[in-house]
Protein chains: 2
Amino acid sequence: MMDEDASNLLKKMPIENLILGIGDVAAATGVSQSQIRYWESKGYIHSEASNDGKNRKFSYKTVLKVQQIKTYLDDGYTLVGAAKQSQRRSNYFDTLRSFFEGRFVNMAIDPDSQQASIDLGPFDPEPGKSLIAERIDDHWHFKLIDAKN
Amino acid sequence: MMDEDASNLLKKMPIENLILGIGDVAAATGVSQSQIRYWESKGYIHSEASNDGKNRKFSYKTVLKVQQIKTYLDDGYTLVGAAKQSQRRSNYFDTLRSFFEGRFVNMAIDPDSQQASIDLGPFDPEPGKSLIAERIDDHWHFKLIDAKN
DNA sequence: CGTGTAAGGAATTCTGACACG
DNA sequence: CGTGTAAGGAATTCTGACACG
């Protein structure tokens, strides 16, 4: 039932390695290509200058930033204001990732039953216990187990 | 401190809407473009035929599948075997998403302190309590609060 | 079977300019 | 300021064929 590569969880999810062309960023966010180019020229977003190619590539993090700036624009901010707001705080994705990195100790999936369990590490109110999230029949619930020394 | 759009958490993360060109899929996964085209021709993966364009576009779900097939190939499976294995079970991403959808009730981020809290809903061992994950000074810990009726 | 490559055409993206406001 | 568009060239992707094994 234990899955050997559960520890590679984050590495197995090609999110950090994702790079997208401008057309795909535009399609995903609803922001036009000319807007994206202009925002980049003003320094509100950045493209990955690394690679060999000549065409722009954007990281997934930048896609999220574009999405966020657009949200503020739709709320009535000017572009300058929207860009400033988007810089003001980390977004949900960053927070979720920090939660993963901080608390996901292990994840196991049973290949047949699709039963899954996530080890969230020590349960602070009860030291000595580990918090486990378990999926049974498509329903998630929490339980405590004795932490292994 | 409460964030009004926390309920749109998943919708705000343009992962489901992501579509990538073949070059970006190849770059993200380390699988060559000719491999990707061949795998598609054999029906192991699919491209999004929806849009107007003529060039292939792949969903993020398909990127994960490509990644998974590659992992099995690297382990020594034949392509047919790797494709079959990749179909055998849902991947980590699916499991994580099901965890989110099943248990993430709310998420709040304080714009200034970057303190964050995630409401994970009723804590099964103690009905009447809600499980909260809280980030303070970049460290996540769990606590229980009285569930609101 | 499974992948790579050369070839010529098609689709996408590039820049710099100009328009509108 | 902020975005859109037409224009011509550059970079990317397309298909069908062929090679290798």
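As the structure is a prediction and not an experimental result, all values here were calculated from the model.
- In this model, a donor atom of one side chain and an acceptor atom of the other lie less than 3.5 Å apart for Gln35(B) and Ser32(B).
- At whole-Å resolution of the value, CD1 in Ile19(A) and C1' in dT13(C) are 15 Å apart.
- Toward the 5' end of DNA chain C, the nearer of the two residues Asn55(B) and Lys42(B), judged by each one's closest nucleotide, is Lys42(B).
- As a whole-Å value, the separation of Lys70(A) NZ from dT3(D) P is 11 Å.
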Bracket notation of DNA chain D in which parentheses pair within the strand, [ ] cross earlier pairs, and | pairs with another strand (Watson-Crick or G-U, under 3.5 Å)
.||||.||.|.|.||.||||.
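- Arg97(B) and Glu16(B) are joined by a salt bridge, as a carboxylate oxygen and a charged side-chain nitrogen come within less than 4.0 angstrom of each other.
- Scanning residues 30-40 of chain A for heavy-atom distances under 4.0 Å to DNA chain C yields Gln33(A), Arg37(A).
- For the pair Tyr72(B) OH and dG2(C) P, the computed distance is 17 Å after rounding to whole Å.
- Of the possible polar contacts, none joining the Asp137(B) side chain to the His139(B) backbone as a donor-acceptor pair under 3.5 Å is found.
- For Asp110(A) (side chain) and Asp112(A) (main-chain N/O), a donor-acceptor pair under 3.5 Å exists by modelled atom type.
- Not a single donor-acceptor pair under 3.5 Å links the side chain of Arg135(B) to the backbone N or O of Ile118(B).
- When the side chains of ILVMFWY residues are joined at heavy-atom separations under 4.5 Å, either directly or via intervening members, Ile132(B) and Phe123(B) end up in two distinct hydrophobic clusters.
- As a whole-Å value, the separation of Ile22(B) CD1 from dG4(C) C1' is 13 Å.
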Take Asp24(A) and Leu18(B) through the side-chain contact (heavy atoms from CB on, under 4.5 Å) test and state the conclusion after the steps.
CA-CA 7 Å; Asp24(A) 296 333; Leu18(B) 278 193; over 6 Å; no
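- Pairing each heavy atom of Ser41(A) with each of Tyr38(A), the nearest pair is OG-O, 2.7 Å.
- Nucleotide dT12(C) holds its C1' atom 13 Å from the CZ atom of Arg56(A), rounded to whole Å.
- The nearest whole Å value for the distance from the OH atom in Tyr44(B) to the P atom in dT3(C) is 10 Å.
- For Ile45(A) and dT3(D), the CD1 to C1' distance is 14 Å, given to the nearest whole Å.
- Under a 4.0 Å N-O distance rule, the pair Asp124(B)/Lys143(A) does not qualify as a salt bridge.
- Distance, Asp24(B) CG to dT12(C) P: 14 Å, rounded to whole Å.
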